[in-house]
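Positions are given from 1, in the same order as the sequence printed here.
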Amino acid sequence: MPEGTVETGGILDWLERAGQRPDGGLRFVDRAERATWFGWGEVRERALAVAGGLQALGIERGDRGDRVALVFPTGIDFFAGFFGALLAGAVPVPLYPPARLGRMEEYLRRTARMLERSGARLVLADSRLRRILGEAEARPGLGCRTVDDLPRGPARPVRTKASDLALIQFSSGTTVDPKPVALSHRALAAQTAILTGFFPDSPERRQSCVSWLPLYHDMGLIGCVFPALARDAALTLLGPELFVARPSLWLRTIASYRATISPAPNFAYELCLTRVPDADLEGVDLSGWRTALNGAESISPAVLRAFCARFARWGFRPEAMTPVYGLSEAALAVTFSDFDRPPRVARFDRDKLARESRAREAAEGREIVSVGRPVPGFRLRIVDPDLRDLRDLPAGAVGRVWIQGPSLMDGYLGDPEATASVLRDGWLDTGDLGFLYGCEGGELYLTGRARDVVILRGRNYAPEEIERAVEGVPGVRAGCAAAASWLPEDAPGEMLSLFVEASRQATAEELAALPDACREAVLGATGLAVDHLVVLAPGALPRTSSGKLRRGETLRLYLAGELAVPDPAPAPRLTGALA
């Protein structure tokens, strides 16, 4: 196991020990770059107060712990509620706060479903969100309260077993509704040990992290909070809404606090390229940023290169960019790229990938980023994409990615059928497609989601490559394109549909030229002809709580006439069921 690994204990043990170092705790940075500090000792005291209030309400450990849903923006109350629930013997269920007021009905419906599926007895929320959640259909037995509304009572911290349920985290739900992922204390401790093992402290510098990632998401909570708590280290946090409004705030905060680690999805690095003016980076030094983890969604080779090139001027090193792969069902990390080299990107023959599902390097092929090798304790298998044969496929063959490791979920809460469909003999079917390539067992290259694959004339294509082809087309909103294939009634074959959101700044001329410009861009980049192109209003594409596109849902909503289309045309009829 790598040096610096946290070998024993779990969340409550770390919380008990934390606070011994004066530089360990949580720092919250606001939009004016002002910081508010809470040492881990104070975090624990606030959590104990919440635990006492929860126990006075009747929250108890029960069979596997009462469930307490948490709906907070990034702030100290989330942590008081999260750790307070654990101290009381309950199981926290972090849920996302509303991001768009214009989609409040959809938000309330999805939140009601998640409350019902998690079996939450109580919702803790901040005062503003409490008023909004009062309109949700699901009403937990103990209602919705703020931290300050809890009754006062002495805390009686509950000791837990490694096998006890510790966290219910909803999967991103790119192809289906989010599922409640049940994670044990053992799984969270194992994943935290893996992560801390990669980043040992040194006498010269302690590791520190800056994150704007949502706290209801595994990359933000498990990937950033737990390692900082386990090490009694500093964690600096921004609200995700602050990053989206002003991406330079992320880079400035990394520089200000000399953070060594900061993770983000690919879209965040792209947003920095388009929305961070040079003037915002005056005096910024990114040379201390040793590990820029890039994961949680498809990784664009062009974005990697452009980010490294542009921000080299402020000290960013290409070796810091670290593509990774993980998923909520594994409690996060599955593979990491090497830390001592720039990202590895290779081109593979498009026709070979589409026709034979095999990887062969080619000078003009599709670019794919390696996401590295399994982290300690994890193993990978590549099996038949249609699951007709579960024997391992040879290196270079594209198939389903199966994983095995110490931090896998117990299953989907209350859904044995869904659990049995993905967990087989200790292996998890991730639903992702990819292949192993290179020496010493090979590195993992991902090609897409099994249920999102674009199938045209018997060949398989990755929707991400089609979507990236329209990046940069004048009038297209960055990162807002979704590709899907489907079979209309009485059609001779599958149709390729592409949905693109128009930029809010698009001119009338750009909007008029969009359909032809997008078709030409896709044809030039992939050789594919778009049969059906739909221009959507900004913000129309459905996404998960973590911002990932829902391609199947996009097509379903369009065919039902429920997408915001500036000049809607009659929707074609569809044969068969949509995934």
Side-chain angles (χ1 to χ4, degrees), residues 26 28 43 46-47 49-51 53-54 57 59 65-86 88 90-150 166-173 177-183 211-222 224-225 237-244 328 413 543-547:
L26 299 171
F28 300 97
V43 174
R46 288 174 177 259
V50 169
L54 293 175
L57 267 183
I59 292 291
D66 282 340
R67 289 77 189 255
V68 176
L70 307 170
V71 191
F72 290 96
T74 298
I76 189 60
D77 281 352
F78 171 87
F79 291 93
F82 184 88
F83 293 123
L86 286 172
V91 180
V93 186
L95 302 179
Y96 65 99
R100 302 176 184 176
L101 293 178
R103 290 190 169 181
M104 193 55 64
E105 289 187 8
E106 177 189 344
Y107 169 77
L108 291 173
R109 283 196 302 270
R110 287 170 66 85
T111 300
R113 288 200 298 272
M114 289 189 282
L115 289 174
E116 184 177 4
R117 295 202 66 182
S118 67
R121 286 193 67 200
L122 172 71
V123 178
L124 286 180
D126 79 349
S127 57
R128 180 181 66 88
L129 294 175
R130 180 187 179 186
R131 290 193 293 272
I132 294 172
L133 291 168
E135 302 175 20
E137 296 174 7
R139 304 200 184 278
L142 295 176
C144 180
R145 296 174 179 251
T146 67
V147 167
D148 294 333
D149 289 337
L150 292 173
L167 171 66
I168 297 172
Q169 176 182 255
F170 279 86
S171 64
S172 61
D177 276 346
K179 296 187 179 72
V181 175
L183 295 170
S211 173
W212 57 265
L213 297 168
L215 296 172
Y216 55 79
H217 190 266
D218 52 5
M219 206 173 187
L221 178 62
I222 301 173
C224 297
V225 175
L237 296 168
L238 307 165
E241 71 283 357
L242 299 184
F243 165 75
V244 172
S328 54
L413 188 73
R543 294 178 179 270
T544 69
S545 62
S546 57

* Asked: Are any non-hydrogen side-chain atoms of Val181 and Asp218 less than 4.5 angstrom apart?
  -> no
* Asked: Mind checking whether Leu124 and Arg145 have side chains closer than 4.5 Å, heavy atoms only?
  -> yes
* Asked: Going from CZ on Arg121 to CG on Asp66, what distance comes out if it is rounded to the nearest 0.5 angstrom?
  -> 4.5 Å
* Could you state the interatomic distance from CZ (Phe243) to CG (Leu213), rounded to the nearest 0.5 Å? -> 9.0 Å
* Asked: According to the interplanar angle, ranging from 0 to 90°, do the rings of Tyr107 and Tyr96 count as parallel (below 30°), tilted (30 to 60°) or perpendicular (above 60°)?
  -> perpendicular
* Hey, does Arg46 have a side-chain heavy atom less than 4.5 Å from the side chain of Val147? -> no
* **Pro97 side chain reached by Tyr216 side chain, heavy atoms, under 4.5 Å** => yes
* To do: Decide yes or no on side-chain contact (heavy atoms from CB on, under 4.5 Å) for Phe82 and Val225, but give the supporting numbers first.
  => CA-CA 11 Å; Phe82 184 88; Val225 175; over 6 Å; no
* Does the side-chain contact (heavy atoms from CB on, under 4.5 Å) test come out yes or no for Leu95 and Val123, once each step is laid out? -> CA-CA 10 Å; Leu95 302 179; Val123 178; over 6 Å; no
* **Exercise: identify the closest heavy-atom pair between Gly143 and Leu122** => O-CD1, 3.4 Å
* Does Leu70 reach the side chain of Leu215, with side-chain heavy atoms less than 4.5 Å apart? -> no
* Asked: Is the distance between the ring centroids of Phe79 and Phe72 under 6.0 Å?
  -> no
* Structure fact -> For Pro240 and Thr74, the nearest pair of non-hydrogen atoms, with its separation, is CD-OG1, 3.6 Å
* Student check: side-chain heavy atoms of Leu237 and Ser211 closer than 4.5 Å -> yes
* **Separation between CZ of Arg67 and CD1 of Ile168, rounded to the nearest 0.5 Å** => 4.5 Å
* **Heavy-atom pair of closest approach, residues Phe78 and Pro94** => CE1-CB, 4.1 Å
* Specify the closest pair of heavy atoms between Leu413 and Arg117, including all atoms of both residues, with the distance to one decimal. => CD2-O, 3.8 Å
* Please report the closest heavy-atom contact between Leu115 and Ala69, naming both atoms and the distance. => CD2-CB, 3.6 Å
* Asked: Mind checking whether Leu142 and Val68 have side chains closer than 4.5 Å, heavy atoms only?
  -> no
* To do: With rounding to the nearest 0.5 Å, note down the distance linking CG in Leu54 to CG in Leu150.
  => 5.5 Å
* **Close side-chain approach of Leu183 and Ser328, heavy atoms under 4.5 Å** => no
* Ala120 versus Pro140, closest heavy-atom pair with distance -> O-CB, 3.4 Å
